[in-house]
Amino acid sequence: MEYDHRRIEARWQAYWRENNVFRTASRPGRKYYALEMFAYPSGDLHLGHCKNYVIGDIYARFKRRTGHDVLHPFGWDAFGLPAENRAIKMGIHPEISTTENINLSRESLQRLGISYDWEREIITCMPDYYCWTQWMFLLLFKRNLAYKKEAYVNWCPSCQTVLANEQVIDDHCYRCDTAVVKRKLNQWFFKITEYADRLSSDLDTLPGWPDNIKTIQKNWIGRSQGCNVIFKVAGRELSFDVFTTRPDTIYGVTFMSIAPEHAMIEELISGYPGADSVRAYVRDSTKRTAVERAEKEKDGVFTGSYAVNPVNGEKIPIYVADYVLFEYGSGVVMGVPAHDQRDFQFARKYGIPIRIVIQPTGQTLAPASMTQAYEDHGVMVNSGPFNGMDSIRGIAAVIEHIAANAGGGPAVNYRIRDWLISRQRFWGAPIPIIYCDQCGMQPVPEKDLPVMLPRDIKDFVPKGKSPLAGVDSFINAVCPSCGAPAQRDPDTMDTFVCSSWYFLRYLDPRNESCFCGKDKSDQWLPIDMYIGGTSEHATGHLIYFRFFTKVLYDAGLIAVNEPAQNLFNLGMLMKDGEKMSSSRGNLVPVRQFIDDHGADVARITIVTAAPPERESEWTQEGVIGSERLLSRIYRLITEHREKIVKVKPAVESAEDEKLMIKINQTIHKVGADLDAFKFNTAIAALWELLNELYTAPVKSEVFGYGLFVLVDLLSPFAPHLADELHAIAGADGNLTNIPWPGSDPKYLRGRTITIVIQVNGKVRSRLEIDGSFTEKQVVDRALKDDKISRYVQKGKIQKTVYVPEKLLNIVI
RNA sequence: GCGAGGAUGGCGGAAUUGGCAGACGCGCUGGAUUUAGGAUCCAGUCCCGUAAGGGAUGAGGGUUCAAAUCCCUCUCCUCGCACCA
């Protein structure tokens with residue numbers, strides 16, 4: 001008979017709720033902040049989402065039982081494109097659909113038995129939350145980290161809004177997969193580049209983060225060290241900075257390239273007969289997407305102007321070329337065809353001279369015979385005073401020379417761009433800025449927060465500018481400075497702004513005077529374990545929340561410089577080889593599954609399939625195995641309920657001892673595996689104990705104790721069934737805060753141990769020996785063994801290798 | 001192109017980090033029980049071989065008493081960045 005999961009799960013969920021079992025305790029020195037990434041309420045949850053919460057819950061429950069006061073909260077990332085696009089599709093107001101989705105999803109999580117402290121729940125679209133999101137904006141504004149500028153930005157024609165760099169994947173929108181276009185618009189940015197250096201180097205202070213995430217972040221930030229060189233334009237009062245990582249090649253510059261978006265182009269071409277062809281080229285290339293530009297042949301057009309190489313005074317032609325990125329460095333690069341492959345292709349196309357200034361050792365390059373650029377190091381030639389110098393040393397020498405003689409000097413550039421945070425969308429936190437004809441741009445005073453998102457809006461479908469622009473009651477305001485009529489900023493913030501600080505709000509969720517009291521953040525920060533599908537957030541959220549933490553730290557508002565000490569990177573839950581999603585039609589609804597099979601079965605199935613960090617597959621076979629495990633446990637415990645022994649019994653026979661060892665080994669293994677997130681092997685250990693108990697020849701007190709331990713160890717994984725069986729055993733039932741069992745070192749291994757005997761590295765026999773045997777005793781015993789002596793007779797023993805308690809290898 | 005990770009039975013996956021390869025589960029085979037079972041229980045299950053024994057961790061080589069694990073070459077897969085000067 002299978003157990004009645006519906007009755008058991010309902011019973012214990014009610015018990016937990018009524019007794020407020022998961023309310024956060026806070027004794028000094030015991031804090032543990034376990035956090036799972038919060039959810040977008042874009043529908044009810046499916047099992048794909050739940051892997052995160054199940055893994056986090058198992059860990060949080062284990063931590064509670066090992067003496068920690070666990071803060072385990074949950075909330076909803078309710079603003080933003082995911083929720084809004086969904087609402088538009090269903091033709092209802094995002095507030096209504098979001099609320100419905102939250103209510104559905106919250107119930108699903110409760111029915112899964114996730115041990116959240118719901119008193120701390122946060123919802124980012126509620127005024128008591130976004131008030132502080134706006135406050136964060138003002139903090140960044142005051143600290144000169146929020147600014148507005150006209151820029152070529154990514155525009156999604158379908159979502160009708162601009163997007164951050166991090167939200168564009170291969171030129172496509174991260175939400176709707178529409179090809180993005182570049183548009184020149186006036187937008188709000190957060191100056192994350194100012195923190196680029198710390199965001200990159202502080203990764204080295206995070207040993208608890210997976211290396212792959214740190215590598216991805218380092219690459220994304222893309223720090224490169226080099227030199228700024230000032231090039232003057234011949235015959236004009238113009239000059240530009242050029243960034244290079246290879247100043248050692250500066251004598252090889254034979255042309256300059258400038259990005260088509262560059263504002264200086266008009267000046268460069270004034271008076272040039274070919275000016276119109278330059279303008280045509282600019283028009284043409286700014287229409288192309290980044291990918292199109294990258295894939296086409298490198299080309300460009302001469303501007304009619306020349307630059308002067310500061311190290312040798314040479315005049316070199318300036319081209320407009322769309323392989324130059326406007327957003328990186330100064331948008332102007334020096335062309336060194338001999339030593340840069342892109343410049344080489346460009347020079348070959350236009351017959352620009354190729355001048356070798358670095359010769360590899362052992363061969364001599366000649367411009368005419370080169371088929372590609374030589375990008376490695378070597379000896380500097382054609383480089384005036386630097387001739388004969390090793391080019392690696394030349395980098396520093398040339399930088400020094402330039403700094404002393406030509407203006408410019410050492411410089412660092414980053415690949416990461418400032419974070420574009422304004423969105424032309426309705427469903428977000430309004431940007432707390434007012435524009436006054438007299439006083440200009442004014443921040444909304446803190447006392448006036450929140451700037452409320454209007455509710456009575458008729459049309460929130462995006463049409464290219466913020467729907468809020470058409471809501472007079474919202475837009476019209478008074479200038480905080482002079483009191484004259486003024487206008488609010490109509491844009492809302494990127495939802496990733498909301499999620500950049502949410503982990504702080506859980507610590508003090510109902511504080512009305514502060515985003516989080518300093519005493520609370522001192523008490524709980526940093527996050528001890530942050531769990532989520534981190535790959536998709538590696539270059540977005542996981543950088544943004546580190547950025548916010550550093551800003552708040554610099555402002556003296558929190559005491560930590562990094563938000564999360566440990567990061568656990570979860571693998572996705574798949575079905576039929578694909579990611580679970582409604583568009584693929586392969587999702588498993590949570591409630592349906594729980595009704596049919598139970599929450600505990602769902603939890604066990606999720607963790608049995610594979611180690612948590614690995615991608616795993618949801619299968620019917622997995623469900624069968626989990627169901628079998630739980631009903632076998634249920635059957636065994638209920639059949640022998642009167643034999644259950646709650647305290648460690650005396651060991652009275654050899655069989656007792658063998659079972660006692662298995663019990664203690666299992667306690668040890670399950671605890672160690674829980675600690676190391678190896679939940680799949682922890683379940684395997686439970687199976688082993690269960691199998692041993694099933695076939696135990698004697699149903700002694702030790703057997704009864706084994707039953708009790710089995711229930712105890714099951715509790716983080718299948719908390720409902722464990723509590724039920726604990727109660728059946730005559731104990732409390734609720735295991736949430738009962739101390740985790742310790743293993744008895746006396747019974748972690750037996751008095752005799754099995755040693756593998758190898759001859760020439762091949763296993764030939766096994767010996768049961770006393771644990772106290774010396775190497776010599778083991779060798780003597782081995783040589784008496786029939787199987788071994790047969791081999792040893794054939795040759796002379798050269799040597800023996802003995803690994804204590806494990807193995808003996810006889811080399812003959 | 002650059003960077004990171006991976007490849008182990010029919011399947012999901014174990015292997016204390018150089019020490020018994022295949023734990024545990026699924027599936028499969030046989031038996032028991034049952035009116036019946038897609039339920040339950042017991043036993044078996046990498047390959048070749050009756051056996052003794054031999055062979056196996058993507059392919060090939062190397063180091064070692066000993067290699068899934070370390071080194072070299074290659075093949076294939078997944079992910080990240082992708083004209084960053």
Side-chain angles (χ1 to χ4, degrees), chain A residues 1-2 169-170 210-224 226-227 242-246 249 257 259 290-291 293-296 298 321-325 327-336 339-343 345-346 375 413-417 535-536 538-539 571 604-605 608-611 614-626 628-629 631-632 635 669 672 678 680-691 694-695 754-766 787 790 798-812:
Chain A
M1 269 300 290
E2 266 168 33
I169 301 154
D170 290 335
D211 287 336
N212 65 326
I213 299 292
K214 289 192 278 191
T215 307
I216 289 171
Q217 290 206 354
K218 279 204 171 166
N219 291 343
W220 182 261
I221 295 166
R223 182 181 201 274
S224 36
C227 178
V242 171
F243 176 73
T244 177
T245 53
R246 292 298 299 273
T249 64
S257 298
V291 170
R293 275 166 68 161
E295 281 172 354
K296 78 187 221 315
K298 301 204 180 341
D322 67 3
Y323 74 87
V324 179
L325 300 175
E327 314 90 64
Y328 187 74
S330 61
V332 184
V333 300
M334 59 186 215
V336 185
H339 304 294
D340 181 284
Q341 185 58 23
R342 297 157 297 186
D343 298 344
Q345 288 168 4
F346 193 83
E375 296 186 333
N413 257 291
Y414 298 93
R415 212 201 67 100
I416 194 172
R417 314 281 196 258
S535 316
E536 60 180 311
T539 58
I604 300 277
T605 306
T608 310
R614 206 179 303 184
E615 193 176 279
S616 56
E617 176 81 15
W618 176 272
T619 61
Q620 191 50 39
E621 291 74 27
V623 175
I624 289 168
S626 309
R628 204 170 286 166
L629 172 69
S631 38
R632 266 169 76 97
R635 220 175 297 127
K669 172 140 181 78
K678 292 159 87 175
N680 55 329
T681 50
I683 299 290
L686 292 179
W687 266 107
E688 284 190 52
L689 178 59
L690 175 67
N691 290 341
Y694 252 86
T695 50
T754 307
I755 292 245
V756 171
I757 312 297
Q758 298 181 329
V759 177
N760 287 346
K762 290 197 184 298
V763 179
R764 297 302 179 187
S765 183
R766 290 184 180 81
K787 294 187 203 135
R790 201 183 323 156
Q798 306 264 320
K799 68 166 166 177
T800 58
V801 179
Y802 180 60
V803 182
E805 295 173 24
K806 267 189 192 144
L807 151 155
L808 173 72
N809 189 8
I810 301 170
V811 185
I812 59 170

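These numbers come from the heavy atoms of this one structure, side chains and all, not from hydrogens, waters or symmetry mates. So you know, we letter chains A, B, ... as the sequences are listed, proteins then strands, and number each from 1.
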If you check every side-chain atom of [X], which of [options] has the closest atom?
X	options	answer
T695(A)	C26(B), A85(B), A43(B)	A43(B)
R635(A)	C81(B), C41(B), G27(B)	C41(B)
S224(A)	C84(B), A23(B), G27(B)	C84(B)

Over all strands shown, is [X] touching base, sugar-phosphate only, or nothing at heavy-atom distances under 4.0 angstrom?
X	answer
R632(A)	sugar-phosphate
V324(A)	base
S626(A)	nothing

Closest-nucleotide ordering on RNA chain B, the 5'-leading residue of D340(A) and A684(A):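 This one resolves to A684(A).
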Going by side chain to side chain donor-acceptor pair (under 3.5 Å), name the residues that satisfy it together with [X], two or more places apart in sequence or in a different chain.
X	value
K669(A)	D673(A)
D322(A)	Y281(A), K296(A)
S626(A)	T605(A)
Y802(A)	none

Can you see which heavy atom on [X] is nearest to which on [Y], and at what distance?
X	Y	value
Y328(A)	S224(A)	OH-OG, 2.9 Å
R632(A)	Y694(A)	O-OH, 3.2 Å
V332(A)	V324(A)	N-CG1, 4.3 Å
E375(A)	R246(A)	O-NH1, 2.8 Å
A538(A)	I216(A)	CB-CG2, 3.8 Å

Evaluate whether atom CG of N760(A) has more than 12 neighbouring non-hydrogen atoms of other residues, nucleotides or ligands under 6.0 angstrom away.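 Yes, CG of N760(A) has more than 12 neighbouring heavy atoms, counting only those of other groups under 6.0 Å.
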Distance between [atom1] atoms of [N] and [M] (Å, rounded):
N	M	atom1	answer
U40(B)	G55(B)	C1'	39 Å
C11(B)	G58(B)	P	13 Å
G13(B)	A21(B)	C1'	13 Å
C20(B)	A67(B)	C1'	14 Å
A36(B)	U45(B)	P	29 Å
A59(B)	A68(B)	P	12 Å
A32(B)	C47(B)	P	25 Å
G38(B)	G31(B)	P	15 Å

Whole angstrom value for the distance that separates [atom2] of [N] from [atom1] of [X]:
X	N	atom1	atom2	result
Y323(A)	A85(B)	OH	C1'	8 Å
L629(A)	C41(B)	CG	C1'	17 Å
I216(A)	C81(B)	CD1	P	7 Å
L690(A)	A23(B)	CG	P	17 Å
Q217(A)	C81(B)	CD	C1'	13 Å
Q341(A)	C84(B)	CD	C1'	16 Å
I169(A)	G80(B)	CD1	C1'	12 Å
R766(A)	C20(B)	CZ	P	10 Å

Are any of [X]'s side-chain N or O atoms less than 4.0 Å away from OP1 or OP2 of [N]?
X	N	answer
N691(A)	A23(B)	no
Y328(A)	A85(B)	yes
T245(A)	C84(B)	no
Y694(A)	C41(B)	yes

Run the side chain to side chain contact (heavy atoms under 4.5 Å, CB included) test against N219(A) and tell me which residues pass, sequence neighbours left out.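 Applying side chain to side chain contact (heavy atoms under 4.5 Å, CB included) to N219(A) gives T215(A).
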Under 3.5 Å between N/O atoms: give me all the protein pairs with nucleotides 54-57 of chain B, atom names plus distance.
from: G54(B); atom 1: OP1; to: R764(A); atom 2: NH2; distance (Å): 3.2
from: G54(B); atom 1: OP2; to: R764(A); atom 2: NH1; distance (Å): 2.9

Please lay out, stage by stage, how R764(A) and I757(A) fare under the test side chain to side chain contact (heavy atoms under 4.5 Å, CB included). CA-CA 6 Å; R764(A) 297 302 179 187; I757(A) 312 297; 5.7 Å; no
Base-pair string, RNA chain B, Watson-Crick plus G-U, cut-off 3.5 Å on both distances, | for inter-strand, is (((((((..(((......[....)))((((((.......))))))(((....)))..(((((..]....))))))))))))....
Output all residues satisfying salt bridge (Lys or Arg N to Asp or Glu O under 4.0 Å) with K678(A), sequence neighbours left out; order by chain, then residue number.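 Checked K678(A) against salt bridge (Lys or Arg N to Asp or Glu O under 4.0 Å); zero matches.
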Qualifying residues under salt bridge (Lys or Arg N to Asp or Glu O under 4.0 Å), relative to E688(A), sequence neighbours excluded: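 E688(A) satisfies salt bridge (Lys or Arg N to Asp or Glu O under 4.0 Å) with K662(A) only.
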Can you pull out every salt bridge (Lys or Arg N to Asp or Glu O under 4.0 Å) where at least one residue sits in residues 210-219 of chain A? Sequence neighbours excluded, please.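 Applying salt bridge (Lys or Arg N to Asp or Glu O under 4.0 Å) to every pair that reaches into residues 210-219 of chain A, excluding sequence neighbours, yields D204(A)-K218(A), D211(A)-K214(A).
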So for R223(A) and C84(B), does any side-chain atom that can act as donor or acceptor lie under 3.5 Å from a complementary atom in the base?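 For R223(A), whose side chain was compared with the base of C84(B), there is no donor-acceptor pair (under 3.5 Å).
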With L808(A), the side chain to side chain contact (heavy atoms under 4.5 Å, CB included) member among V803(A), T800(A), V801(A):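 Per the side chain to side chain contact (heavy atoms under 4.5 Å, CB included) rule, the option paired with L808(A) is T800(A), out of V803(A), T800(A), V801(A).
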Need the glycosidic conformation of G61(B): syn if within 90° of 0, anti if not. Which one?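 What G61(B) shows is an anti base, its glycosidic angle lying more than 90° from 0.
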Taking syn as any angle within 90 degrees of 0 and anti as the rest, which one fits U17(B)?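 It is syn.
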Which protein N or O atoms sit under 3.5 Å from an N or O of nucleotides 1-6 of chain B?
none

Base contacts versus sugar-phosphate-only contacts with protein, heavy atoms under 4.0 Å: please encode nucleotides 12-19 of chain B as B, S and - from 5' to 3'. SSSSB--B
Decide yes or no for M334(A) and T244(A): does some side-chain heavy atom of the first lie under 4.5 Å from some side-chain heavy atom of the second?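 They are in contact (side-chain heavy atoms under 4.5 Å apart), so the answer is yes.
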